[in-house]
> 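I am attaching a structure below and will ask some questions about it afterwards.
A note on names: the letters A, B, ... follow the listed sequences, proteins ahead of strands, and every chain is numbered from 1. Side chains are part of it too, since the values below use all heavy atoms of this structure and drop only hydrogens, waters and symmetry mates.
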Amino acid sequence: MSSFAGRMKEYPNISLDRFDRENIHARAYFLSHCHKDHMKGLKGPLLKRKLQFSRTVRLYCSFVTKELLLSNAKYSFWEDYIVPLELESPTQISLVNEVSGEKEDILVTLLPAGHCPGSVMFLIEGCQGNVLYTGDFRLAVGDVSRMEHLHSGSRVKDLQSVYVDSTFYDPRFYQIPSRDICLNGILDLVGNWISQSPYHVVWFNCKAAYGYEYLFTNLGEEFKTQIHINNLEMFKKMPEIVHYVTTDNKTQIHACRHPKDEEYIQGHRLPCGRTAADGTPLQIISIKPSTMWFGERSKKTNVIIKTGASSYRACFSFHSSYSEIKEFLLYLKPVNIYPNVIPIGKTLTEVTHLLNQICRKQSDPEAFIYKPLGVLKRTRTDQSFVDPDSDEGLFEGVDLAPVRKKTPTQPENGQDKTPVLEQTEITYELVVEDQLLPHNYLDCTESNDEDNGQSHLIFTECEVQQDLPDSQTSSDFDIPCTPESKAPGSEELRELYRRLASGEDVFNQR
DNA sequence: GCGATCAGAT
DNA sequence: CACATCTGATCGC
């Protein structure tokens, strides 16, 4: 839940996603998406009065957000005061003090946030520097490198601050299966059920919020059907959604709701009350989309969990995981990072500390000079190092991001009397500057072959969002290990980067 | 009677 | 498995 107070240090004359208290006096309002916890004060009478007296104050949002907002009668008074903006189209906005006439211009760009229909991030450029307010977002690793407006030529724009969706910024939420993997799990489950007979139906137990629509469109597309929902008025101008939803309950896939829907399902009935025409009882399964997460090294289990005789939980997340947020921030390297959300079970101090470790103001100034190639560093020399789950010092001395360190195997605990075997593998961190490489995470291990005395550097792809069977995971890539090949900018490393940068899949050639 | 806030629910 | 919302109790104006 957003706890962002509404204003950014650099641009205190605008308010974003909060419209109560001091925010009422802002010279412009911004709404990142249409979820209630980002709309506090938006239907307030105070704001209504302010709009009538002001000639310049407006609410800026995406076209889709405008449509969703105005579909709710409580917000229809905004009609004449909303300025919808196109995605990825920088727009100049004048912030006018209506008393003094003093004026400040900012350039605003909406960036798709992947959280729910219409959700955006706001990039603000102006006299106080560039700042990014992310709203809520779900972006995959690598997405940020393809966001044109965060770049200037091939370089990342210099960002003073990022106000980030830190919902899952806690190593506990290290990885969340990708959208595609979750979707495939759901399509499998639904397909296997509804193909059995026309009386086999599925009910999605969705929360009352926007964000499930891409699930409905994918289900509709896959099974050439429509999904039953209570009301589709809000989507009437969105053909890509409205084509796949219906208020006609004679369909096998439902996401309809009723105040007592859980009771209905217990009684083997649908919330919409639909029954088969000939009296044959419907065979209903329920699927509850909810977030599932996995630790850094945990082998992921299924994205579908059976929770009862005819009920399932399916992995589904509106928000980026810890590793996705971290990659996003390490890529942008802002001077400051501020959390918009305190993750459950954490304190503001803890999140702020975690975020400070990866922002520019904490790092070595050397870190931001251009380096053309990666560097290999020996990560660990003995068994006595820090808690592998702690981020304490993780990026110390690292000159280029992103980086992922490997941790050595350790004895279970003090109870375990098994002697620690001397390791013949030395783990390195590989530091890659070229942000546009398709492989942001590479592990590198030096392997000493006892038999023939040869050493190799073995590179492994670490794409955390993949959940493929072993047969489909990428293989290692290795090069001979010599003092020369390990050196920064060596021929061997240069060759590896060249091949990666050209899009070659060096990991799957054997 | 309305709004703000909290506990409890899904 | 922890997101966003709704309902109902309570309090204050």
Side-chain angles (χ1 to χ4, degrees), chain A residues 1-4 17-21 23-24 31-49 65 68-69 71-72 74-75 113-119 134-138 165-177 179 182 185 203-215 229-231 234 255-266 271 286-295 298 300-308 311-322 324-325 339-347 350-351:
Chain A
M1 289 291 201
S2 180
S3 59
F4 181 65
D17 287 355
R18 280 292 288 268
F19 311 95
D20 58 348
R21 306 164 73 92
N23 296 303
I24 288 166
L31 177 61
S32 70
H33 65 288
C34 216
H35 276 166
K36 298 266 191 311
D37 57 323
H38 291 254
M39 294 160 64
K40 203 169 185 194
L42 202 57
K43 64 172 166 6
L46 289 169
L47 212 41
K48 223 169 182 168
R49 191 156 48 239
T65 296
L68 297 178
L69 184 69
S71 72
N72 183 335
K74 291 192 172 93
Y75 302 99
H115 175 69
C116 71
S119 68
T134 70
D136 284 352
F137 72 96
R138 174 92 202 257
D165 172 12
S166 42
T167 303
F168 292 134
Y169 201 71
D170 176 335
R172 188 178 144 84
F173 307 112
Y174 195 87
Q175 42 184 335
I176 294 171
R179 278 223 163 90
C182 295
W203 178 64
F204 280 93
N205 183 357
C206 297
K207 293 186 272 263
Y210 297 117
Y212 301 98
E213 292 73 15
Y214 81 89
L215 175 59
I229 59 174
N230 288 11
N231 176 10
M234 57 288 254
C256 43
R257 293 161 42 80
H258 182 278
K260 296 191 172 154
D261 47 25
E262 302 276 11
E263 279 179 33
Y264 275 62
I265 291 301
Q266 300 292 325
S286 74
I287 303 176
K288 183 182 192 138
S290 65
T291 309
M292 296 177 189
W293 59 85
F294 304 91
S298 83
K300 288 190 291 288
T301 56
N302 210 323
V303 296
I304 305 288
I305 306 277
K306 193 156 198 227
T307 53
S311 58
Y312 298 83
R313 228 162 46 84
C315 184
F316 192 92
S317 182
F318 294 167
H319 297 272
S320 276
S321 65
Y322 176 80
E324 288 166 343
I325 299 167
N340 293 345
V341 184
I342 311 306
I344 290 170
K346 279 234 167 331
T347 64
E350 289 173 313
V351 201

> Are the ring centres of A/F318 and A/Y212 closer than 6.0 Å?
yes
> Please report, rounded to the nearest Å, how far the P atom of C/dC13 is from the CG atom of A/L46.
17 Å
> Where the side chain of A/W293 is defined as all heavy atoms beyond and including C-beta, which of C/dT5, C/dA4, C/dA2 is the nearest nucleotide?
C/dA2
> Residues two or more places apart in sequence or in another chain: which of them pass salt bridge (charged side-chain N to carboxylate O under 4.0 Å, His left out) with A/K40?
none
> A/K36 NZ to B/dG3 C1': how many Å, rounded?
16 Å
> Of all residues at least two apart in sequence or in a different chain, which pass the side-chain hydrogen bond (donor to acceptor under 3.5 Å, both in side chains) check with A/R257?
none
> Need to verify one output field. Residue with the more 5' nearest nucleotide on DNA chain C, A/T307 or A/F318?
A/T307
> Please identify each residue that fulfils side-chain hydrogen bond (donor to acceptor under 3.5 Å, both in side chains) with A/Y264, with sequence neighbours left out.
A/H258
> Using side-chain hydrogen bond (donor to acceptor under 3.5 Å, both in side chains) as the criterion, list what pairs up with A/T134, not counting sequence neighbours.
none
> Could you state the CE-P distance from A/M39 to C/dA4, rounded to the nearest angstrom?
13 Å
> Nearest whole angstrom, please: distance from the C1' of C/dA4 to the NE2 of A/H319.
8 Å
> What is the distance from OH of A/Y210 to P of C/dT5, rounded to the nearest Å?
10 Å
> Could you go over nucleotides 5-10 of chain B and give all protein N or O partners under 3.5 Å, atom names and distances?
| from | atom 1 | to | atom 2 | distance (Å) |
| --- | --- | --- | --- | --- |
| B/dT10 | O3' | A/E262 | OE2 | 2.3 |

> Please report, rounded to the nearest Å, how far the P atom of C/dC1 is from the CD1 atom of A/I176.
15 Å
> Return the set of residues passing salt bridge (charged side-chain N to carboxylate O under 4.0 Å, His left out) with A/D170 (not counting sequence neighbours), or none when no residue passes.
A/K346
> Let me know, please, whether A/M292 or A/H33 comes out on the 5' side of the other along DNA chain C by nearest nucleotide.
A/M292
> Within this structure, what is the CG-CE distance for the pair A/L31 and A/M39, rounded to the nearest 0.5 Å?
6.0 Å
> Expressed in angstrom and rounded to an integer, what is the separation of A/R172 atom CZ from C/dA2 atom P?
10 Å
> Remember a base hit wins even if backbone is also touched, and classify A/F294 as base, sugar-phosphate or nothing at under 4.0 Å, heavy atoms.
nothing
> What is the separation between atom CE on A/M1 and atom P on C/dT5, rounded to the nearest whole Å?
7 Å
